[in-house]
Amino acid sequence: MAEKEPHIIRQRGSVSRTDREQRNGHSARVFWLTGLSGSGKSTIAHAVEKALFDAGMQAVVFDGDNVRHGLCSNLGFSPEDRQENIRRISEVSKLFAESGTICLCAFIAPLEADRTVIRSVLGDDLREIYVSCPLSVCEARDVKGYYARARAGLIKHYTGISAPYEVPQQPHLVVDTDRESLDESVAKVLDFVMHNTRRNIRHAEGALADMPEGRSLGTTPPVSLS
């Protein structure tokens, strides 16, 4: 990666982040959901996003698969490319947070070195959520067939199969999707988001109440290679 140009001066506008947060009625944070592919990161993130949206809050999901169709389409899955993928989305999330938007990032970020990069970019805005789920359960949810292809050697550097996943040591929140229903996991993350953006949980209770009961993560598993 090229060195940062030292002569570029940051431009400041006349509308501050505080101005945007005051108008929104909530502060902005970046909630990073890390975990194995198939653990439930994207499913949870999108459900929380919908609840926040229905409560009139500014929120967006960044998904590991989706960014590889554009922003990170020139990156592979080597350790170096994975870290650059993480760095790019961290910087994009930082820009969105500066605009007053709550960011829900669903990325594996498998190594502690990756998460160190995230923390270095986002600082106090970052809230790390570990979506915990055994590899065997994640493989059973393998709707897109990525794990099967990785087992067959068709996908290289696949996290959990031919590449490691290092469990976060001090996440801000842990969600156990093999033990919890989707509704329970979403409610836990939503409550955490609300309390970390200074918005009372009552604003989103109605949105959660409209969700079908008893949904299982196994029925709509998120699968991300990133």
Side-chain angles (χ1 to χ4, degrees), residues 26 28-55 57-66 89 93 101-110 114-115 118 125-144 146-147 159-160 165-226:
H26 61 80
R29 291 287 182 273
V30 178
F31 298 89
W32 198 290
L33 287 77
T34 174
L36 289 171
S37 176
S39 61
K41 301 181 301 298
S42 294
T43 301
I44 293 169
H46 283 291
V48 171
E49 178 193 38
K50 182 62 165 63
L52 296 174
F53 178 82
D54 289 347
M57 301 172 72
Q58 301 297 317
V60 64
V61 170
F62 293 108
D63 177 81
D65 281 345
N66 291 348
I89 199 60
S93 299
T101 303
I102 296 167
C103 301
L104 301 159
C105 298
F107 290 80
I108 294 174
D114 300 328
R115 298 188 285 270
I118 299 167
D125 278 337
L126 176 65
R127 299 293 184 272
E128 185 179 291
I129 301 172
Y130 173 38
V131 183
S132 174
C133 188
L135 176 61
S136 59
V137 176
C138 292
E139 283 199 72
R141 299 173 180 169
D142 192 18
V143 171
K144 293 183 180 179
Y146 289 154
Y147 278 108
T159 302
Y165 180 84
E166 297 173 357
V167 175
Q169 296 303 303
Q170 293 183 310
H172 295 95
L173 179 70
V174 177
V175 180
D176 295 301
T177 61
D178 62 317
R179 304 175 190 174
E180 304 166 358
S181 69
L182 174 57
D183 295 335
E184 290 171 333
S185 296
V186 170
K188 181 187 288 188
V189 174
L190 179 60
D191 181 73
F192 182 71
V193 170
M194 289 294 193
H195 282 92
N196 279 271
T197 54
R198 306 172 199 157
R199 186 90 173 234
N200 194 285
I201 190 68
R202 289 175 300 183
H203 288 271
E205 281 182 343
L208 264 183
D210 292 335
M211 294 172 58
E213 293 185 2
R215 290 186 299 166
S216 167
L217 283 161
T219 59
T220 54
V223 182
S224 172
L225 284 169
S226 63

Nearest heavy-atom pair of [X] and [Y]: which atoms, and what distance?
| X | Y | result |
| --- | --- | --- |
| Asp178 | Ser132 | OD1-O, 4.0 Å |
| Gly40 | Arg141 | N-NH1, 4.1 Å |
| Lys188 | Val174 | NZ-O, 3.3 Å |
| Ser93 | Cys103 | O-SG, 3.7 Å |
| Thr177 | Ser39 | OG1-O, 2.7 Å |
| Ala109 | Trp32 | CB-NE1, 3.8 Å |

What distance separates [X] [atom1] from [Y] [atom2], expressed to the nearest 0.5 Å?
| X | Y | atom1 | atom2 | answer |
| --- | --- | --- | --- | --- |
| Ile102 | Met194 | CD1 | CE | 7.5 Å |
| Glu166 | Thr159 | CD | OG1 | 10.5 Å |
| Tyr165 | Cys138 | OH | SG | 10.0 Å |
| Glu128 | Cys105 | CD | SG | 12.0 Å |
| Glu49 | Phe62 | CD | CZ | 10.0 Å |
| Gln58 | His26 | CD | NE2 | 5.5 Å |

Checklist line | Partner of Leu104 under side-chain contact (heavy atoms from CB on, under 4.5 Å), chosen from Val30, Val193, Asp63, Ile129 | finding: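 Of Val30, Val193, Asp63, Ile129, side-chain contact (heavy atoms from CB on, under 4.5 Å) with Leu104 is met by Val193 alone.
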Looking only at atom types and distance, does a side-chain atom of [X] sit under 3.5 Å from a main-chain N or O of [Y], one as donor and one as acceptor?
| X | Y | value |
| --- | --- | --- |
| Tyr147 | Ser37 | yes |
| Thr34 | Ile108 | yes |
| Lys41 | Leu36 | yes |
| Gln169 | Val167 | yes |

Margin query: Among residues at least two apart in sequence or on other chains, which ones pass ring-ring contact (aromatic ring centres under 6.0 Å, His included) with Tyr130?
Written below: none
Margin query: Quick check on side chain to side chain donor-acceptor pair (under 3.5 Å): which of Arg29, His172, Arg127 does Asn196 satisfy it with?
Written below: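 With Asn196 as partner, Arg29, His172, Arg127 yield a single side chain to side chain donor-acceptor pair (under 3.5 Å), made by Arg127.
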Next item on the list: May I ask you to check if Arg115 and Phe107 form a cation-pi contact, with NZ or CZ under 6.0 angstrom from the six-membered ring centre and within 45° of the axis?
Entry: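 Because its charged atom misses either the 6.0 Å distance or the 45° angle limit, Arg115 does not stack over Phe107.
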Next item on the list: Please report the C-alpha distance between Ile89 and Ile118 in whole Å, then the side-chain angles of each, then the deciding distance to 0.1 Å, and finally whether the side-chain contact (heavy atoms from CB on, under 4.5 Å) criterion is met.
Entry: CA-CA 9 Å; Ile89 199 60; Ile118 299 167; over 6 Å; no
Check: Can you list the residues that meet the salt bridge (charged side-chain N to carboxylate O under 4.0 Å, His left out) rule with Asp114, with sequence neighbours excluded?
Finding: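 Expected list: none.
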Margin query: Measuring only between side-chain heavy atoms, which start at C-beta, is Leu190 closer than 4.5 Å to Leu52?
Written below: yes
